[in-house]
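Both ligands and their constituent atoms are indexed starting at 1 by order of listing.
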Amino acid sequence: MSTAANTTAPAAGDKRPPVILCIGMAGSGKTTFMQRLNAHLHAKKQPPYILNLDPAVASLPFSANIDIRDTVNYKEVMKQYNLGPNGGILTALNLFTTKFDQVLGFVEKRAPSLDYILVDTPGQIEIFTWSASGSIITDTLAATYPTMIAYIIDTPRTAAPATFMSNMLYACSILYKTKVPFILVFNKIDVKPHDFAVEWMTDFEAFQEALQKDKTYMSSLMNSMSLVLDEFYAHLKVVGVSAVTGAGMDDFLKAVDEAVVEYDQEYKPELERVLEERRLKQEAEKEEHMARLLKDMAMDEKGKEVSFGGKGHTSKKGKTPLRGMVADEDDDEGEEEEDDEDDGREPRYRDEDDSGDDDYEGYRIEEEERRNRMEDESLKRFLAGKRVD
Ligand SMILES: Nc1nc2c(ncn2[C@@H]2O[C@H](COP(=O)(O)OP(=O)(O)OP(=O)(O)O)[C@@H](O)[C@H]2O)c(=O)[nH]1
């Protein structure tokens, strides 16, 4: 776990602004946090580019550059598809995702002049974190930009060990699902400072002690869960902020810088490895299909072997029809071999009963002799000082 102390500033002239996906439980203060962050960045003369992905928000306290509500009317979606509010929001997000390549196009044009891209997500957290659209949007952004999740937590409401544990487990599930760098943002520290949370995350015994006070059946379950979470905490950046007073905003930006470094050092190489693995797998599949196709082409529908009349054709004893493309060739067994000369003809199929074989062979020999005669003629004309056509 890091607490945004040791940081590296983003490289000057970096054309890939970090994308900050703001996610959190309803009422955790996502929108207020975005508003505060927006104001803070404007004050620093680094105005962010804002995407609003919440189709159900009544009014935004900041202006979004791209707003899902301009594209989809979620109330109309509810009516048309006969859905409830959550189904309407999810369908609206799905519809918007089908246009996300256009959104990316807009972002791309602006990216060189931007320092930050902020994304507000639907209040119903699972609509973004557990939907296909949420994954597509996250993965698409993360393929190009250093993308991270700012997980907003309502600190006063997380002070009980059981609530804290539930919230951390949820955060853990999102981290393992998205795999992008993760910042835990303890919001509302003007009401309750987040020191207790940092202590519980860094000092295992302190959390165990807090758990001892809980005498319910849940405490033993939580005891074992807390062991699992220890590993998870190591991957997190933790900051305390107040979206109302503006406390902790610079700490948050330092954590963003750290997340960019983490993206470059861990996420991106892993992404490239996965893409390369996929490419190799596809290539291997293609080769396998080709080999199977060639094998199939060597057999006619009745299961008889067929061959091509052109270069690389098979002998009657049933060799591989396309030389050089399929392994397992053995050409010099003293069998009756056909001429390997490429005569430029289209390949033709035949089977062992092909009675036209001899005619064809005769024609080939005739053709070759004719070509040889022409070449001789041409040479004679050249030696006689005439132009060669
Ligand atoms: N004291 C205090 N209150 C805050 C802070 N941040 C947000 N709030 C309050 O928390 C409530 C919820 O804030 P929102 O920003 O609407 O939360 P949200 O997560 O966007 O909520 P949804 O729109 O339901 O997703 C509001 O009453 C805010 O004024 C904070 O840092 N300190």
*Hey, is Arg16 close enough to Asp264 for a salt bridge, meaning N to O under 4.0 Å?*
yes
*Say whether Ser28 and Asp154, considering side chains only, have a donor N or O and an acceptor N or O under 3.5 Å apart.*
no
*asked:* Pairing donors with acceptors under 3.5 angstrom, does anything connect the side chains of Lys177 and Ser135?
replied: yes
*What residue and atom, counting heavy atoms only, is the protein's closest point to atom 18 (P) of ligand 1, and at what distance?*
Lys30 N, 3.5 Å
_For atom 6 (N) of ligand 1, what is the closest protein heavy atom, and at what distance to 0.1 Å?_
Asn187 ND2, 3.2 Å
_Heavy-atom nearest neighbour in the protein, as seen from atom 24 (O) of ligand 1, with distance rounded to 0.1 Å_ = Gly27 N, 3.6 Å
*Mind checking whether Asp190 contacts ligand 1 via backbone (N, CA, C, O), side chain (CB onward), both or neither, at a 4.0 Å heavy-atom cut-off?*
side chain
*atom 31 (O) of ligand 1: which protein heavy atom is closest, and how many Å away?*
Ala243 N, 2.8 Å
*Where is the nearest protein heavy atom to atom 16 (O) of ligand 1: which residue, which atom, and how far?*
Thr32 OG1, 4.3 Å
_Are Phe33 and Phe252, when compared by the centres of their aromatic rings, separated by less than 6.0 Å?_
yes
*asked:* Within ligand 1, which atoms have a heavy atom of Val191 less than 4.0 Å away?
replied: 1 (N)
*NZ/NE/NH1/NH2 to OD/OE distance under 4.0 Å, Glu277 and Lys281*: no
*Does atom 27 (O) of ligand 1 have a protein heavy-atom neighbour under 4.0 Å away?*
no
*asked:* Using heavy atoms and a 4.0 Å limit, tell me yes or no: is Ser242 in contact with ligand 1?
replied: yes
_Ser173 to Trp130 - nearest heavy-atom pair and separation_ = OG-CZ2, 3.8 Å
*asked:* Looking only at distances, can you tell me whether any N or O atom of Gly29, backbone or side chain, sits closer than 3.5 Å to an N or O atom of ligand 1?
replied: yes
*Check each atom of ligand 1 against the heavy atoms of Met25 and keep those under 4.0 Å away; list them by number with element.*
19 (O)
*Compare every heavy atom of Asn86 with every heavy atom of Gln124, then report the nearest pair and how far apart it is.*
CG-OD1, 3.5 Å
*asked:* If we count only non-hydrogen protein atoms and require a distance under 4.0 Å, does atom 2 (C) of ligand 1 qualify as touching the protein?
replied: yes
*Note the single closest protein heavy atom to atom 23 (O) of ligand 1, along with its residue, its atom name and the distance in Å.*
Thr31 OG1, 4.1 Å
_Among all the protein's non-hydrogen atoms, which is closest to atom 10 (O) of ligand 1, and how far away is it?_
Lys188 NZ, 3.1 Å
*Looking at Gly123, which atoms of ligand 1 are within less than 4.0 Å of one of its heavy atoms?*
25 (O)
*Could Lys44 and Asp250 be called an ion pair, given the rule that one side-chain N must be under 4.0 Å from one carboxylate O?*
yes
*Taking 4.0 angstrom as the limit, do Glu76 and Lys79 come out as a salt bridge?*
yes
*Answer yes or no: is there an ion pair linking Glu288 with Arg292, defined by an N-O contact shorter than 4.0 Å?*
yes
